[in-house]
Amino acid sequence: MNTDLIIFLQAWTGGADVSEAERQRLLQRLQTDADFRAECADEIQLLGMIEAVQTRPPRWLGIADVLGINAEKMTDLGASDLAARVMDQVLEPEPGLQSSGSRWFSRHSMAVAAGIVLGMFCTSMVMAFIAPSTGAVITLVSDGFEGGARQWPRGFPNQTGLWVGDAGEVVSGTGEVEPFDGLQMARLDPSPTATLSYLERVVDLQLLPAPQGDEMRHVTVTASFHAAERGLRDRYTLRVAAFAETPAHVREQWVGREWREIEGALATSKRPLSTKADAEGWQTLTAMMEVPREARSLVVSLGCGVFQNPDRKTAHYIDGVQATLSIGPLPAKTKTKRFRITAK
Amino acid sequence: MNPDPHDTAALLDRIEQGESDLFLNVVKRYELPLRSYLAGQLYNTSEVDDLAQDVFVAAYRDLGSFRRGEDFGAWLRGIARHRLLAHFRSQHRRATATQRFQEEVARIAEQELESCAERNASGRIERLLHCISRLPEKFRLIVHAGLDGMRPAALADDLRTTVPAIYQLHYRANQMLRECMKKEAH
């Protein structure tokens, strides 16, 4: 592996300290070494593609202004584009695994796709379809807190499709902190009694397609967090757990238990992050987990607090919450891990 | 960035004849390749999105100068390049070391970056999305997280490894993605 390429990427992305002398040396090499230049260009263009493909497009409000059209049309534009991409995922099963005649425009796959397109931009997605869909990526939650109620109920969700948690509300940008995505974000106030405050949501897995044969379901959850105050070390957690219980009965497994005591879960995954005091901007966490076949409910839990300083209380913001379910063959390495899977 | 040029030309003609709403279709077709191109030079999502919007607005206002039959994507990238240089100039005095480095790289490797962008047709970008979902879990996690700002350090903490190791893993993930995209193209 080209060591200079790795240092180049560190300097270019700004994710690691690279001295000025090293930067100058790399620029010098870039100017004189055509192969190195081509390799670096290829690498950063791929990083750019990865970044673009994984982030939602903006709302293009400036374009709406110039065209003299309603901004809502631009929202439709973003939705249809994202939906199209997900449809592509659904309608293109993995090579070699598709059954004949079922690839394009079959009733089942169109039902899957239609379910996704209709459900993607609702606060909660419920689909009633029966077809297995190898290679599908289904959006379970896509929430930038742009619509719906300004406040959420306290406690733990007793139904699917809504956030429930500690005190807080949906707010617009404050000037100090602008939403990660769109125009609004959730502000989670500090808990008077606990180190972290939580916002949680239950997802019903019962209507989603069941895995077939060697297929396995994986859930990927991403959320972005931001502190309301600067200069503190913050603690964020993104947790996801799968349960055999229906959504109505998950509460009994969850409430009143510490995370490590949630033994009724079929699988759990936790992504914690403790920031440095000089951290700036949004911090994005991603958790991934295999979803066992027996799972009927999923809990997504987002936690915020001040790290190792119980006396300091401050609010935090959450935005850009996405949860997707991928259906595909179970990777060989994880075939035996069906129960109590803890992805660190 | 290569939808059917005839189709695009017909669309542009209708826009010029007054159906300005149809410009949304242009945005829809070209936003992903354009944002990819810009992100491959800036790597800051909010700046990329602002610039992409500026490019589309400039393109809309200057549609008459686009010669029908040519590559509209390349024309957009030409506008993007000018906007990018202007952006770098405007930021220069308060730029961080990373931004100055990105500016220099964009200048030195301009031709190579353009060649890469030419290859990044819409189909390739869609294949990338599919290929990311097929990466082994550890690599997928790293690719999802990205490499900007504090993310490599946070990820290194989480995975109990070093920042350079995160970069090496990302590099290996990129190689897997290239192979996957190549395979899927056939």
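All of these numbers come straight from a predicted model, not from anything done at the bench.
Among the candidates B:Val143, B:Leu155, B:Val163, the residue making the largest number of heavy-atom pairs closer than 4.5 Å to chain A is B:Val143. Among the candidates A:Leu26, A:Ile50, A:Thr284, the residue making the largest number of heavy-atom pairs closer than 4.5 Å to chain B is A:Ile50. Contact count versus chain B (heavy atoms, under 4.5 Å) is highest, among A:Gln283, A:Lys276, A:Arg37, for A:Arg37. Contact count versus chain B (heavy atoms, under 4.5 Å) is highest, among A:Leu9, A:Thr286, A:Leu46, for A:Leu46. Per-residue counts of heavy-atom pairs under 4.5 Å with chain A were compared for B:Gln102, B:Arg140, B:Arg178, B:Gln41; the largest is that of B:Arg178.
Looking at A:Gln31, both its backbone and its side chain come within 4.5 Å of chain B, counting heavy atoms on both sides. In this structure, the portion of A:Thr220 lying under 4.5 Å from any heavy atom of chain B is its side chain and not its backbone. Neither the backbone nor the side chain of B:Ala156 comes within less than 4.5 Å of any heavy atom in chain A.
Ring planes of B:Phe56 and B:Phe23: perpendicular class, angle over 60° (limits at 30 and 60°).
With 3.5 Å as the limit, one finds no donor-acceptor pair spanning the side chains of B:Thr98 and B:Tyr43. With 3.5 Å as the limit, one finds no donor-acceptor pair spanning the side chains of B:Glu103 and B:Gln99.
For A:Val66, the side-chain contact (heavy atoms from CB on, under 4.5 Å) partners are B:Val57, B:Tyr60, B:Arg61, not counting sequence neighbours.
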